[in-house]
Each structure stands twice: as C-alpha cells, then as structure tokens.
Amino acid sequence: MGNRARTAAVRVAVALLAVAALVLTGCGHTGWGRPGQPLDGVGSSPSAGRGGPSDAVPVPPAAVQGGTGTSSDRLAATVVAGVEGYWRERFPVEFGRRWVNIHGFHAVDPKDAATPVPCVRRALDLAEQAAYCPRLDTVAWDRTGLLPRLREEYGDGAVLVALAHEIGHAVQDRLDIDVGYQVREPDRFPTILLEGMADCFAGVVVRAAVDGGVAGVRLAPAELDRSLSALLSFRDPVGMTAGGNAHGDAFDRASAFLDGYGDGDGARRCATMSVRTQTFTQRGFSSASDAATGGTLPVAELLEAMVPDARAWFGRLVSDRGRPWRAPDLAVGSAGCSGAAGVQGPVRYCAKDGTLSASVDQLAAVHYARGDYAGGELVASRYALAAVGALGRPVRGAEAGRTAVCLTGAYTRALFDRGAGTGFGLSPGDIDEAVDELINQDLAARDAAGRAPEGDLGFRRIEQFRAGALGGPAGCGV
C-alpha cells in the first residue's frame, strides 16, 4: 500500500504463522507444500473421467498405505475415510453421478528412501507436503513432518482442511474438471482456479464436519479460526503473479473456502467456479521499487498518505446517500474523548463529538506484527464507523461493528482497483495483512463502546469484510 505517485510501496513480511513458508504449489493438481517445489509427475496425465457411468466395476474403499499407528496416522486415516464417505453419499445427490472410490491413500515418511510414493521420484520430494496425483488417482502426505506440524500449530482441524483440499481435487476429476482442461484451455482453467475449487470443496467438508455430517470427524465452531489460519498460511509468496502456478493470496483462499462453507449449494457453487465468476486479488509487484522494499510504509507515512484518502472516500459515501457530513481528520497522539473510545484499540472513533484519534505506538505494534495495511485497515474501520453514525445509524451494538468491517472491505476493494499512478493504493500482500488482522483480532469490529459482536469469530469477520470487498457498500446494506 502506498502513494504510487511517489512510488511508495507496502508490505511487511508476515512472520505471524509458524509454517508460513509452506505454500500450496506444484504442477497440475497438487497440495500443501513448499514454494518452488513441484511434485514430479503430478498431473502429468489427464484423468479418465472417473465419475462417469463407464466405470462398470466398483472400486472398494482404499486403506491407507504406510504409517506406524501414531496419533497423526490414526487421525489421517479417520479423516480420509470420513471425507471420502461424505462425498460417496453427497456426490450423487449434488451432481447426479455416482462416486468412484479413490484408488489409493499413502502416509509417507519422506526420510525413508525405500518408501514407494506415487507420482514422485523419491519420498523426500513429499517432505512438508500433501498432494493428489490424478494420473494414479491417489492422495499422499508427509506423515512425519507436515501433519504433526499442522496439529501442533493449528489443531486437528488443520489436518481435516489439508486432506479435504486434496480430496477436493479428486472431486474435480470425477466431474471431469481435470488437468486435461488446464492443458487445452489454460486461460479458462488456470491453476489458481483449480486450487480455489479445491479450497471451496474443503469448505464444504468443513461445514459438514461442524454440522456432524462427516463420519468419525467433528469440528467445533470454535476451532474454525485455527483451521482457516492453517489454510491461509499456505498462501502464495508476496509478489507472485496470478498466472502460472499461483494458488492464491490469503483473500483468494479464504474467499473460495467461504464459498464452500456457506449454506445451501456449496458443492455446486464450487463446481461452477470460473475465471468470470471469481475475483482473484493475487498479483505481482507493479514496480521495481515496490519489489525492492517488499512494500512497507512506516506508520507516519502510512497515516500521511491514507488519512486524506479515507476521509474523501467515506465522505463521498455519506454525501452520495444525501447526508451532510465532512469526514473528520485523524488526531495523532490524542487520547480522544474520555470513556469507551479508549478501548476501541489503536484508532478510536468518539461518538460524542464525531472525532477520530490514534495512538502511534499502538498502531506501530499492529504494523510490525502483521504489516502496514493491518494498521491501515483499523484506520479504515474507524472512518467506516464514523460514516455509519453520519448516516444516522447506531454506532453501538453488534450491527455497527459488522457494518464497519464490511465497509472496510468495500474501501479496501476500491484501493485495490486503482491503477498504478492514480494515488494511494494497495501493493501485493496488503490484503493478506488485512485478513491476518481480521482472523487474529477483533479491533476492526469494535463499536463506539469498544465492544466487538459477541460470539463472532475471525472467520465471520473475514466473511463480513469479503461481503464489502465483493459487493461494495451495497453488500453492506449501505
């Protein structure tokens, strides 16, 4: 994020997630792994339409090959059996085609050179990864590195998300949405779309697990944030373009997952995703300066560039709806009005006199923990709350906080859509920072009394932000 007229850039490397170095990558349908480490042979041959009626002989459910009976081995076996069982039941209902069981599941110790692994030259190639191989219709995962790490950092739900994503690629193949399409029509079926579909199918399964619809697997709603955080930690490196082998930034991945998790036709929505229906925010650096700095603005420069822009945007939002309002400036270093405004966080909106204030030290703490637009998002959320008040709506209560988050998403999208050289805007990684802030803290959702909506998870805050980012102010009911 920055003032592109001055070629200022934005981006602080997010050190928040312990396994953030792991990103989904590879060739064809692949899975959770390290950047720049494609799995040899994965996706090298199109599938044969396994979901059609030509499969005359049923394939029995496959047992997991490998493993020594550790707790992670047992969990993975339970998860793949439960997830495939879910699709075995739901696939005919959703798509009118019978499910053909996956041919193989492999729990791999990458350090065991003697272990045969499908679609890779050696077991070590699967280190810290999970993958679906369409050529052999198999799912394989690192049982000694990846799975224990996911459980330690994010809980058992992370294993569900990871393996449901890989089985999501098997769902694609059974719908004949396979790597053959990608080879023949790469513009229509880029990797980022196919990976988004798999994230979406994972969202379908996670929703079923929360609702008790996956045999042997139950995920408590309180675990959703940690499980989604695991998925988001596998986002693409900052500055990677949306073409080629890109899998998506944090917003892209969360957005696809939420499409599947939502009520109703999640599975069908996943199956009909296209480059026309999906909004991808993954993009490369627009200048050498942006790339060289990684895109970071110090707090003072952030406020200097952003505050006038936010004032103007939210001022227009209110005036376009026939209400008189001059958006306030942001008083830096001021404590703001007394009382509840102080517990809103680093940036405060004072309902009593309509002013905004900020603590540079508190804002800097957010800035250095998660990136400059994590702090910028908080600035936007307070202008959003002030705009809610100017529109004559309550600024206290759960609805006020949710609307503030949603309008922050709408403003962020407006910044994203600006072309280079058109003033203040976003750089690669900024939306990742916003998503990180939303899933980890409730500051953007606090109302004028300093209270966030009771019971709302970070998962829901991302959902609210996304509604504004995709639907604009109208998506927020404004």
Side-chain angles (χ1 to χ4, degrees), residues 28-31 42-43 45-65 76-107 118-119 130-141 159-182 189 194-219 256-257 259-262 264-273:
H29 292 344
T30 65
V42 174
S45 174
S47 68
R50 279 177 279 272
S54 60
D55 297 291
V57 180
V59 177
V64 176
Q65 303 297 309
T78 299
V79 165
V80 296
V83 173
E84 184 172 30
Y86 170 82
W87 287 116
R88 189 180 299 117
E89 177 182 342
R90 294 303 307 170
F91 193 84
V93 176
E94 299 288 351
F95 304 115
R97 307 171 73 173
R98 71 180 182 85
W99 175 263
V100 176
N101 288 323
I102 295 171
H103 289 185
F105 296 102
H106 297 262
C119 279
Y132 171 68
C133 174
R135 180 164 55 86
L136 300 178
D137 191 34
T138 58
V139 176
W141 58 87
V159 174
L160 171 63
V161 173
L163 297 179
H165 172 98
E166 300 312 326
I167 293 175
H169 285 307
V171 174
Q172 286 176 318
D173 268 16
R174 282 150 179 78
L175 292 171
D176 298 322
I177 305 170
D178 56 32
V179 290
Y181 276 109
Q182 190 177 29
F189 296 94
L194 297 181
E195 294 300 325
M197 284 185 180
D199 287 341
C200 186
F201 285 129
V204 172
V205 170
V206 169
R207 177 58 182 264
V210 170
D211 293 342
V214 180
V217 181
R218 190 68 184 260
L219 187 67
F257 182 91
D259 276 338
Y261 188 89
D265 296 331
R268 298 179 194 180
R269 193 158 49 243
C270 300
T272 56
M273 287 171 61

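Heavy atoms only: backbone and side chains are in, while hydrogens, waters and symmetry mates are out.
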Practice problem: Flag the pair Tyr86 / Val217 as yes when at least one side-chain heavy-atom distance between them is below 4.5 Å, and no otherwise. | Solution: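 No, side chains not in contact.
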
Quiz prompt | Flag, side chain of Arg88 to backbone of Asn101, donor-acceptor distance under 3.5 Å | solution =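 No; judged by distance alone, with no hydrogens or angles, the pair does not exist.
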
Self-check item: Atom of Met273, atom of Gly196 and distance for their closest heavy-atom approach
Solution: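 So the two residues come closest at CE-C, 3.6 Å.
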
Self-check item: Between His169 and Glu166: side-chain donor-acceptor atoms closer than 3.5 Å
Solution: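 Glu166 and His169 do not have a side-chain donor-acceptor pair below 3.5 Å.
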
Quiz item: Below 4.5 Å, heavy atoms only, C-beta onward: do Trp141 and Val159 meet side chain to side chain?
Solution: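 No. Closest side-chain heavy atoms not under 4.5 Å.
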
Quiz item: Which distance, rounded to the nearest 0.5 Å, do you find between the NE2 of His103 and the CZ of Arg135?
Solution: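 Here the rounded value is 13.5 Å.
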
Quiz item: Side chains of Phe95 and Arg90: closer than 4.5 Å at any heavy-atom pair?
Solution: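 SC-SC contact between Phe95 and Arg90 ruled out.
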
Quiz prompt | Flag, side chain of Gln172 to backbone of Leu194, donor-acceptor distance under 3.5 Å | solution =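 Yes, because the side chain of Gln172 sits within donor-acceptor range (under 3.5 Å) of the backbone of Leu194.
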
Practice problem: Can you measure from NE2 (His106) to CG (Leu136) and round to the nearest 0.5 angstrom? | Solution: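 If I round to the nearest 0.5 Å, the distance is 8.0 Å.
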
Exercise. Any chance you could measure Asp259, atom CG, to Phe201, atom CZ, to the nearest 0.5 Å?
Key: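 The CG atom of Asp259 sits 11.5 Å away from the CZ atom of Phe201.
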
Quiz prompt | Between CG on residue Leu160 and CD1 on residue Ile167, distance to nearest 0.5 Å | solution =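 Answer rounded to 0.5 Å: 9.0 Å.
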
Quiz item: Are Ile177 and Val171 side-chain neighbours, meaning at least one heavy-atom pair lies under 4.5 Å?
Solution: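 No, side chains not in contact.
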
Quiz item: If you measure from OH on Tyr132 to CG on Asp173, what distance do you get to the nearest 0.5 Å?
Solution: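 Interatomic distance, Tyr132 OH to Asp173 CG, rounded to 0.5 Å: 4.0 Å.
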
Self-check item: Non-hydrogen side-chain atoms of Val204 and Glu94 separated by less than 4.5 Å
Solution: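 They are not in contact (no side-chain heavy atoms under 4.5 Å apart), so the answer is no.
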
Quiz item: Quick one: are Arg174 and Ile102 in side-chain contact, heavy atoms under 4.5 Å?
Solution: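 Yes - at least one pair of side-chain heavy atoms lies under 4.5 Å apart.
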
Practice problem: Under the side chain to side chain contact (heavy atoms under 4.5 Å, CB included) rule, what do Val80 and Val64 come out as? Steps first, then yes or no, please. | Solution: CA-CA 9 Å; Val80 296; Val64 176; 3.8 Å; yes

Quiz item: In Å and rounded to the nearest 0.5 Å, what is the SG to CZ distance from Cys270 to Phe257?
Solution: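 Cys270 SG to Phe257 CZ: 10.0 Å, rounded to 0.5 Å.
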
